[in-house]
Visitor: 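Before anything else, here's the structure in question.
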Amino acid sequence: KLEHFMKAFHEICESFSSIFSKLTGGGEGRLELQRPESPFSGGVDLYIQFPGKPMRLASGASGGERSVATIAYLLAIQSFLKAPFYFLDEIDAHLDSMNVSRLAEVLRERSSEAQFIVISLKDVMLHRADKIYGVFNPGDRSRVIALPMTIEVVS
Amino acid sequence: KLEHFMKAFHEICESFSSIFSKLTGGGEGRLELQRPESPFSGGVDLYIQFPGKPMRLASGASGGERSVATIAYLLAIQSFLKAPFYFLDEIDAHLDSMNVSRLAEVLRERSSEAQFIVISLKDVMLHRADKIYGVFNPGDRSRVIALPMTIEVVS
Amino acid sequence: THLTRIVLKNFKSFGGVTRLNLERGFNVITGPNGSGKSNIIDAVQFVLGEVASRRMRASDLTELIYDGGGGQRATVAQVSISLDNSDRSIPIDKPLVTIGRSIDRRGNSKYFLNGKRTSRRVLLDLLGMAGISPGGYNIVLQGAATRLSDLTPQERMASLKELI
Amino acid sequence: THLTRIVLKNFKSFGGVTRLNLERGFNVITGPNGSGKSNIIDAVQFVLGEVASRRMRASDLTELIYDGGGGQRATVAQVSISLDNSDRSIPIDKPLVTIGRSIDRRGNSKYFLNGKRTSRRVLLDLLGMAGISPGGYNIVLQGAATRLSDLTPQERMASLKELI
Ligand SMILES: Nc1ncnc2c1ncn2[C@@H]1O[C@H](COP(=O)(O)OP(=O)(O)OP(=O)(O)O)[C@@H](O)[C@H]1O
Ligand SMILES: Nc1ncnc2c1ncn2[C@@H]1O[C@H](COP(=O)(O)OP(=O)(O)OP(=O)(O)O)[C@@H](O)[C@H]1O
Ligand SMILES: [Mg+2]
Ligand SMILES: [Mg+2]
């Protein structure tokens with residue numbers, strides 16, 4: 001059980017670091033066992049370092065910075081479990097446009113290996129999509145239309 | 001105690017309904033005691049109705065709709081307690097641009113009675129401000145500059 | 001494997017029939033607050049066999065059936081999804097697999113596989129072989145990311161142990 | 001009454017001295033993720049007498065002192081705010097009231113009123129008369145609105161009873 005856990009944990013750690021670095025343009029993210037000699041008796045710490053800033057525990061970072069760390073953690077777990085499709089519901093709500101743009105880039109890249117269906121209110125995310133669906137409710141029921149990619153999304 | 005509570009509760013209910021209506025362009029919001037004959041032995045239900053839709057419990061509404069209801073509830077409590085200034089940190093994160101625009105309008109109106117200091121990433125909110133402060137961190141420490149109102153906010 | 005189509009019939013706010021044809025790559029769904037975006041995710045959880053109505057933001061499974069107010073109540077809700085199975089990761093020898101689920105006002109669910117009635121158990125087993133499950137990490141509900149970022153180190157270890 | 005000025009000295013990410021002159025009406029603060037926006041609200045809670053470091057997202061009050069990494073650690077953090085008191089809602093006969101608080105590396109706080117040392121108790125009482133308190137409903141922290149919308153009806157009643 002422990003051996004199996006450690007092998008998987010290292011795999012998740014590696015993809016967490018590489019995804020975090022992509023999401024932050026060169027930042028460093030690390031998952032660390034609080035008690036490496038007896039892993040299950042301790043927790044797992046999440047350390048993050050944004051370019052130009054010192055390394056800190058994720059709990060002391062800002063709302064948006066913690067969001068970025070959490071998304072990297074989620075994507076690392078997803079690449080370990082390897083599902084055929086992913087649904088993400090407004091995970092970019094607290095991100096500024098620079099972070100949304102980097103996230104959109106990472107999702108675009110990963111969408112060549114697995115299907116992504118992402119709900120977002122941010123224009124920057126829409127512009128990177130292969131296809132955009134507009135949902136609206138004129139009054140009595142919801143409807144969906146596929147939006148052509150070339151239109152200027154007017155918010 | 002009960003008499004005092006009921007008087008205050010009615011005041012909060014009234015401002016909740018009027019604020020909710022302004023935030024939704026005519027919707028109806030209601031706070032209701034689960035046990036009106038013995039208020040403290042029950043809870044307080046929150047009912048909301050968006051224009052063109054049926055009345056529902058807030059718990060069954062969408063993420064953004066619940067955000068609007070919560071903001072109306074907060075503003076109703078604030079107008080009951082009457083503090084001289086208010087700080088709101090990214091309360092508009094889950095709102096679409098129509099709802100942000102209505103919220104900005106309501107905050108502008110209320111800022112003639114009390115001071116508001118609102119943190120937001122949304123352009124629509126910035127455009128309604130009396131003064132905008134830009135916070136940035138070039139690398140080693142945070143700095144603040146007052147942005148002139150006329151510049152086009154480039155995200 | 002990937003999702004090629006989702007069809008909703010009287011599911012939550014989607015009164016009548018609604019069809020979505022999905023791309024294999026990067027699909028983005030947008031729209032105003034309350035328009036029905038998260039209801040689409042609830043529909044996918046529903047058809048994959050989710051029985052906890054809470055996860056679909058309903059206090060009872062019958063609340064998943066369209067109710068437009070003013071007398072427009074449907075009697076049955078139905079969702080079906082089609083999956084490209086050309087890599088045969090779902091152990092059925094067909095290039096396209098369609099699964100469906102309906103629910104009526106008494107709360108009775110029916111499950112379908114390629115148009116024929118089947119049981120929830122059979123569907124969960126088949127989909128599980130392809131890494132698809134209703135409560136999996138591959139579906140991140142609205143607000144779940146914020147809750148995940150408030151985890152303590154101990155809670156993070158507990159959730160990893162469950163996963164691995 | 002309203003806030004006219006906030007001055008931060010080595011408070012969290014604000015190394016050195018930072019001054020904000022506020023308008024009486026509608027002020028909006030913006031900037032990238034991690035730039036320091038929420039730290040400004042933490043500074044206001046701090047100077048109003050907040051002692052729970054958790055509410056300022058620090059595990060210890062000394063973590064509020066600027067630490068830029070690479071040897072740039074300050075020894076003291078200080079915040080002061082000025083309030084327009086022309087309506088005399090703070091029971092002091094001055095048109096402008098300035099309050100301040102500092103903290104050192106050993107965790108000792110000092111409070112100031114118009115430049116003179118005072119106690120936390122005196123400040124809390126004076127500000128309370130004008131409806132100002134550190135943990136009040138007038139300060140809505142990041143994420144608090146989302147938590148508030150997940151309240152059950154019983155929790156909503158409990159919080160109203162506390163308030164009224
Ligand atoms: N004592 C300290 N010294 C230096 N930096 C600190 C200190 N305490 C916290 N910080 C840093 O302050 C930064 C800014 O935090 P803050 O929460 O104010 O950002 P924000 O502008 O609100 O961002 P967001 O839009 O993501 O909410 C964080 O990166 C955090 O690591
Ligand atoms: N059985 C039902 N019949 C009709 N409408 C329903 C039913 N159940 C829920 N709804 C409505 O569906 C609406 C849309 O909900 P949904 O959560 O999908 O919105 P959303 O597009 O995700 O919005 P947001 O951007 O705010 O998250 C809500 O207004 C809700 O009241
Ligand atoms: Mg939603
Ligand atoms: Mg913040």
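Chain identifiers are assigned alphabetically (A, B, ...) following the order of the sequence lines, protein sequences preceding nucleic acid strands; residue numbering begins at 1 within each chain. Quick note: numbers below take in every heavy atom, side chains included, and nothing from hydrogens, waters or symmetry partners.
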Visitor: Looking only at heavy atoms and a cut-off of under 4.5 Å, which of Leu141(C), Leu22(C), Asn33(C) has the most pairs with chain A?
Guide: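 Among the listed options, the one with the most contacts to chain A is Leu22(C).
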
Visitor: For Arg156(C), which atoms come within 4.5 Å of any heavy atom of chain A: side chain, backbone, both, or neither?
Guide: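 Backbone plus side chain of Arg156(C), per the 4.5 Å heavy-atom cut-off to chain A.
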
Visitor: Please examine the side chains of Arg24(C) and Asp130(A), heavy atoms only from C-beta on, and report whether any two atoms are closer than 4.5 Å.
Guide: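 When only atoms from C-beta onward are counted, Arg24(C) and Asp130(A) do not touch, as no gap falls below 4.5 Å.
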
Visitor: Out of Thr18(C), Leu148(C), Thr152(C), Asp87(C), which one racks up the most heavy-atom pairs below 4.5 Å with chain A?
Guide: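 Answer, by heavy-atom pair count under 4.5 Å with chain A: Leu148(C).
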
Visitor: Do you know which of Phe9(A), Phe136(A), Phe116(A) has the most heavy-atom pairs with chain C at a distance under 4.5 angstrom?
Guide: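 Highest number of pairs under 4.5 Å: Phe116(A).
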
Visitor: About how many Å separate CG of Leu31(A) and CG of Leu160(C), when rounded to the nearest 0.5 Å?
Guide: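 The distance works out to 7.5 Å.
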
Visitor: Is Gln72(C) in contact with chain A via its backbone, its side chain, both, or neither, using a 4.5 Å heavy-atom distance?
Guide: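 Only the side chain of Gln72(C) comes within 4.5 Å of chain A.
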
Visitor: Measuring from Tyr66(C):OH to Arg141(A):CZ, what's the distance to the nearest 0.5 Å?
Guide: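 Reported value, rounded in 0.5 Å steps: 7.0 Å.
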
Visitor: Closest heavy-atom contact between Ile91(A) and Ala145(C)?
Guide: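 For Ile91(A) versus Ala145(C), the nearest heavy atoms are CG2-CB, 4.4 Å.
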
Visitor: Looking at every heavy atom in both Pro84(A) and Gly131(C), which two are closest together, and how far apart are they?
Guide: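 The pair with the smallest heavy-atom distance is CD-O, 4.0 Å.
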
Visitor: Taking the side chain as everything from C-beta on, heavy atoms only, tell me whether Thr30(C) gets closer than 4.5 Å to Val135(A).
Guide: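 No. Closest side-chain heavy atoms not under 4.5 Å.
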
Visitor: So which residue, Asn138(C), Ile132(C), Val140(C), ends up with the most heavy-atom pairs under 4.5 Å with chain A?
Guide: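 Greatest number of close heavy-atom pairs with chain A: Asn138(C).
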
Visitor: Under 6.0 Å from the CD atom of Glu3(A), do we count more than 12 heavy atoms belonging to anything else shown?
Guide: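 Result for CD/Glu3(A): open.
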
Visitor: Got Phe26(C) and Arg108(A) here, is their nearest side-chain heavy-atom distance under 4.5 Å?
Guide: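 Side-chain contact under 4.5 Å: yes.
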
Visitor: Taking all non-hydrogen atoms of both residues, which atom of Ser35(C) and which atom of Ser142(A) are closest, and how far apart?
Guide: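 Nearest pair, atom of Ser35(C) first, then Ser142(A): O-OG, 2.5 Å.
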
Visitor: Can you check whether anything in residues 39-52 of chain C gets within less than 4.5 Å of chain A, heavy-atom wise, and list it by number?
Guide: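 Ile40(C), Ile41(C), Val44(C), Leu48(C) fall under the 4.5 Å cut-off.
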
Visitor: Check this for me, if you would: do Asp150(C) and Arg66(A) make a salt bridge, where the nitrogen-to-carboxylate-oxygen distance has to be below 4.0 angstrom?
Guide: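 So Asp150(C) pairs with Arg66(A) through a salt bridge.
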
Visitor: Is it the backbone or the side chain of Tyr73(A) that comes under 4.5 Å from a heavy atom of chain C, or both, or neither?
Guide: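 The side chain, not the backbone.
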
Visitor: Arg128(A) versus chain C, heavy atoms under 4.5 Å apart: side chain, backbone, both or neither?
Guide: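 For Arg128(A), the contact with chain C is made by backbone and side chain together.
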
Visitor: Hey, does Lys131(A) have a side-chain heavy atom less than 4.5 Å from the side chain of Val28(C)?
Guide: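 They are not in contact (no side-chain heavy atoms under 4.5 Å apart), so the answer is no.
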
Visitor: Relative to chain C, which segment of Leu74(A) carries a heavy atom at a distance below 4.5 Å: side chain, backbone, both, or neither?
Guide: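 Contact with chain C: side chain only.
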
Visitor: Would you mind checking which part of Leu121(A) comes under 4.5 Å of any heavy atom in chain C, side chain (CB onward), backbone (N, CA, C, O), both or neither?
Guide: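 For Leu121(A), heavy atoms of backbone and side chain both lie under 4.5 Å from chain C.
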
Visitor: Answer yes or no: is there a donor N or O on one side and an acceptor on the other, between the side chain of Gln78(A) and the main chain of Tyr137(C), under 3.5 Å?
Guide: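 Yes: the side chain of Gln78(A) pairs with the backbone of Tyr137(C).
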
Visitor: Side chain, backbone, both or neither: which part of Lys1(A) has a heavy atom under 4.5 Å from chain C?
Guide: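 Lys1(A) touches chain C through side-chain heavy atoms alone.
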
Visitor: In Å, rounded to the nearest 0.5 Å, how long is the span from OG of Ser149(C) to NE2 of His94(A)?
Guide: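 The NE2 atom of His94(A) is 8.5 Å from OG of Ser149(C), to the nearest 0.5 Å.
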
Visitor: Under 4.5 Å between any side-chain heavy atoms of Gln34(A) and Pro153(C), yes or no?
Guide: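 When only atoms from C-beta onward are counted, Pro153(C) and Gln34(A) do touch, with a gap below 4.5 Å.
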
Visitor: For Phe85(A) and Thr1(C): C-alpha separation, side-chain torsions, deciding distance, then whether side-chain contact (heavy atoms from CB on, under 4.5 Å) applies.
Guide: CA-CA 8 Å; Phe85(A) 58 82; Thr1(C) 313; 5.8 Å; no

Visitor: Quick check with a 6.0 Å cut-off and a 45 degree axis cone: is Lys161(C) positioned over the face of Phe40(A)'s six-membered ring?
Guide: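 Lys161(C) over Phe40(A) ring: yes.
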
Visitor: Once rounded to the nearest 0.5 Å, what's the spacing between atom OG of Ser38(C) and atom CD1 of Ile119(A)?
Guide: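 Rounded to the nearest 0.5 Å, the OG-CD1 separation comes to 4.5 Å.
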
Visitor: State, yes or no, whether a side-chain contact exists between Phe87(A) and Leu3(C) at a heavy-atom distance under 4.5 Å.
Guide: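 Sidechains of Leu3(C) and Phe87(A): in contact.
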
Visitor: Could you tell me which of Lys12(C), Glu23(C), Arg19(C) has the largest number of non-hydrogen atom pairs under 4.5 Å with chain A?
Guide: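 Going by pairs under 4.5 Å, I would pick Glu23(C).
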
Visitor: Can you measure from CD1 (Ile164(C)) to CD (Glu11(A)) and round to the nearest 0.5 angstrom?
Guide: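 One finds 9.0 Å between CD1 of Ile164(C) and CD of Glu11(A).
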
Visitor: Between Ile77(A) and chain C, which part of the residue has a heavy atom less than 4.5 Å away: side chain, backbone, both or neither?
Guide: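 Just its side chain gets close to chain C.
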
Visitor: Measuring only between side-chain heavy atoms, which start at C-beta, is Met157(C) closer than 4.5 Å to Phe5(A)?
Guide: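 Counting from C-beta outward, Met157(C) and Phe5(A) do come under 4.5 Å.
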
Visitor: Applying a heavy-atom distance below 4.5 Å, give me the residues of residues 41-57 of chain A that approach chain C, sorted by number.
Guide: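 Interface residues of residues 41-57 of chain A: Gly42(A), Gly43(A), Val44(A), Asp45(A), Leu46(A).
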
Visitor: Can you tell me which residue among Ile117(A), Ile132(A), Leu126(A), Val144(A) is in a side chain to side chain contact (heavy atoms under 4.5 Å, CB included) with Ile29(C)?
Guide: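 Answer after filtering Ile117(A), Ile132(A), Leu126(A), Val144(A): Ile117(A).
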
